[in-house]
Amino acid sequence: MKQFLNFINGDFVATAKTFENRNPATNEVVGLVHEAGQAEVDAAVAAGRAALKGEWGTMSVVKRAELLHAVADEINRRFDDFLAAELADTGKPRSLASHIDIPRGAANFKIFADIVKNVPTESFQMTTPDGGTAISYGLRTPLGVVGVICPWNLPLLLMTWKVGPALACGNTVIVKPSEETPATATLLGEVMNAVGVPKGVYQVLHGFGPGSAGEFITKHPGVNGITFTGETRTGEAIMAAAAKGVRPVSFELGGKNAGIVFADADFDKAIAGITRSAFENCGQVCLGTERVYVQRPIFDKFVAALKEKAEGLKIGGPDMPGVGIGPLISAEHKQKVMGYYAKAKAEGATVVTGGGEPAMTGEYAHGHFVQPTIWTGLPESASVIREEIFGPCCHIAPFDTEEEAIALANATDYGLATTVWTQDLGKAHRMAAAIEVGLCWINSWFLRDLRTAFGGSKASGIGREGGVHSLEFYTELRNVMVKL
Ligand code: NAD
């Protein structure tokens, strides 16, 4: 059986404690994951610290950037291996993983290598109180050993989104992939060795959160900062751990994002956009829209059209022809989503479509599939409108005015993303300024330029990553003042 080992100081390391990794489309055991304990975390931190003092610590930015380009090229050369690993871990449609997860996973190394190579720091010339001159300039130095704690929904993409800039800035990283998706992070260890990234620069420790590798990494005093993507509740626990030693955190957390469709929107494009934002990756996208607000004149037509789209999505495993929607990540997550499906009914929702489990046969009979689901008719206080579900579902409610749409969008503790559909340019910009989010898409969704800031406001995150913004977290900016 396949073994997912830890990757410490350039070596693959087994441990005595293992847990099963299952394919969510089939529920079959894919392999055994070797859980890291305190001893492995201590060893990885020591190796990470040693690497900062070794060849990696003195390597020129140009050479570091070359190495990261080589990492990206090697991921692309082993594209099929990465794709197979991601599909076995997540069960998502092959077309999705091959167009987004793996290529973006590789691209994350190139983009940040190029940014770090080219971005200047600030510099000022000033007159001193004694009438002389001084120049001051910024010098960026690495943060040190960075803990990278990852979720399962876009495993390679979200992990490299952090590892790419961290390494480009000269840090070393200790990655803790989600216990649900250990494969691509492990495979990346092979890539690091193949292209000659020094030992201890990229390391992987497997396990869970509390009482396991996640907690041990985030509490370790030798870890200089923690970058985390996952649930807001987990972020609170990690922030408490980071308080000891006053270590910085960068958080990309949960959301309960609103999609807003005005009556003047290009109807077909809006329907296509909301179909993606509600159902892509089986709704397991932090940026997804579980709350949709549609202006009253087109409400009924919109609900009918989205219903048709949802019912047209073919449910199945990665290689089913024409598949549009895969499984949820685990039996536990399916139970959570089905719990919300039941709650919506109990709270009085009109179930427009879905609300249950599809009848699956053959190899997918035991996969964690649920039906894409649309509700209407609930008050704003309903659980499925307030809480992040992370499943292929949305509630659609009508609104009348721009002000009402803004108030509805903002009536949440979260503040990650929104998608607004209108052909009125002025209205689009007013909405972008008024909705309290880190990311606002107009007539689009999940359209990204990796040079731009990414992150959430309110309970959806702390800090921004992307482009030069990643440098704010992954480096210390030192000011040097020189009196001439
Ligand atoms: P999660 O918080 O359950 O787990 C994320 C990671 O944290 C896992 O590796 C887990 O083992 C680890 N962990 C759990 N408890 C920990 C602890 N106490 N200390 C240290 N590590 C701990 O999240 P998930 O279920 O894997 O992912 C789904 C969530 O992630 C959703 O809320 C989603 O919105 C969010 N998300 C946010 C973004 C974003 O960019 N804002 C992107 C993707 C996912």
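Just so we're clear, the structure is a prediction, and the values are computed from it rather than from any experiment. Below, all heavy atoms of this structure are taken into account, side chains as well, without hydrogens, waters or symmetry copies. Order of appearance sets the numbers: ligands from 1, and atoms from 1 within every ligand.
The part of Asn153 lying near ligand 1 is the side chain, judged by heavy-atom distances below 4.0 Å. Residue-level proximity to ligand 1 for Phe208 is carried by the backbone, the only part with a heavy atom below 4.0 angstrom. Residue contacts with ligand 1 for Leu416 involve side-chain atoms from C-beta outward but no N, CA, C or O (heavy atoms, distance under 4.0 Å). Contact annotation for Glu388 and ligand 1: only side-chain heavy atoms (C-beta onward) come within less than 4.0 Å of the ligand.
No more than 12 heavy atoms of other residues, nucleotides or ligands shown are found within 6.0 angstrom of NZ on Lys309. Heavy atoms of other residues, nucleotides or ligands lying less than 6.0 angstrom from NZ of Lys336 number more than 12. No more than 12 heavy atoms of other residues, nucleotides or ligands sit less than 6.0 Å from atom NE2 of His366. Residue Lys219 places its NZ atom among 12 or fewer non-hydrogen atoms of other residues, nucleotides or ligands, all under 6.0 Å distant.
Side-chain contact check for Thr353 and Gln371: no donor-acceptor pair (N or O, by modelled atom type) lies under 3.5 Å. In summary, the side chains of Thr172 and Gln203 do not present any donor paired with an acceptor at a separation below 3.5 Å, with no hydrogens or angles considered. With 3.5 Å as the limit, one finds no donor-acceptor pair spanning the side chains of Thr181 and Asp89. Under the 3.5 Å distance criterion, with hydrogens and angles disregarded, no donor-acceptor pair is assigned to the side chains of Tyr414 and Ser457. Between the side chains of Thr186 and His206, a donor-acceptor pair is found at a separation under 3.5 Å. Side-chain contact check for Thr184 and Glu86: at least one donor-acceptor pair (N or O, by modelled atom type) lies under 3.5 Å.
Nearest protein neighbour of atom 35 (C) of ligand 1, counting heavy atoms only, is Gly230 O, 3.3 Å. Ranking protein heavy atoms by distance to atom 23 (O) of ligand 1, first place goes to Glu231 N, 3.4 Å. Of all protein heavy atoms, the one lying nearest to atom 38 (C) of ligand 1 is Cys286 SG, 3.0 Å. Ranking the protein heavy atoms by distance from atom 6 (C) of ligand 1 puts Cys150 O, 3.2 Å first. In terms of protein heavy-atom proximity, atom 2 (O) of ligand 1 is closest to Thr234 OG1, 2.6 Å. Looking only at protein heavy atoms, the nearest one to atom 22 (C) of ligand 1 is Gly209 CA, 3.4 Å. Here the heavy atom of the protein found nearest to atom 12 (C) of ligand 1 is Ile149 CG2, 3.6 Å. Closest to atom 24 (P) of ligand 1 among all protein heavy atoms lies Trp152 NE1, 3.4 Å.
Using a 4.5 Å cut-off on side-chain heavy atoms (C-beta onward), Lys458 and Leu416 make no contact. Between Glu179 and Val33, every side-chain heavy-atom pair lies at or beyond the 4.5 Å cut-off. Glu380 places a side-chain heavy atom less than 4.5 Å from the side chain of Leu408.
Heavy-atom proximity to Lys176, at under 4.0 Å, picks out these atoms of ligand 1: 8 (C), 9 (O), 10 (C), 11 (O). The distance from ligand 1 to the heavy atoms of Pro177 drops below 4.0 Å at these ligand atoms: 9 (O). Proximity to Glu215 (heavy-atom distance under 4.0 Å) selects the following atoms of ligand 1: 19 (N), 20 (C). If you number the atoms of ligand 1 from 1 as listed, the ones under 4.0 Å from a heavy atom of Leu158 come out as 42 (C), 43 (C). Near Glu179, the atoms of ligand 1 lying under 4.0 angstrom from a non-hydrogen atom of the residue are 8 (C), 9 (O), 10 (C), 11 (O). Atom numbering of ligand 1 starts at 1 in the shown order; those under 4.0 Å from a heavy atom of Phe454 are 40 (O). Short contacts between ligand 1 and Ser178, defined as distances under 4.0 Å to a heavy atom of the residue, involve ligand atoms 9 (O). Taking every non-hydrogen atom of Gly214 and a distance limit under 4.0 Å, the qualifying atoms of ligand 1 come out as 19 (N), 20 (C), 21 (N).
Put simply, atom 4 (O) of ligand 1 has no protein non-hydrogen atoms near it, under 4.0 Å away.
With hydrogens and angles disregarded, no donor-acceptor distance shorter than 3.5 Å links the side chain of Asp413 to the backbone of Ala459.
Residue contact check for ligand 1: Phe251 places no non-hydrogen atom closer than 4.0 Å to it.
Of the listed residues (Leu253, Ile226, Thr181, Ile238), the one carrying the non-hydrogen atom nearest atom 41 (N) of ligand 1 is Leu253.
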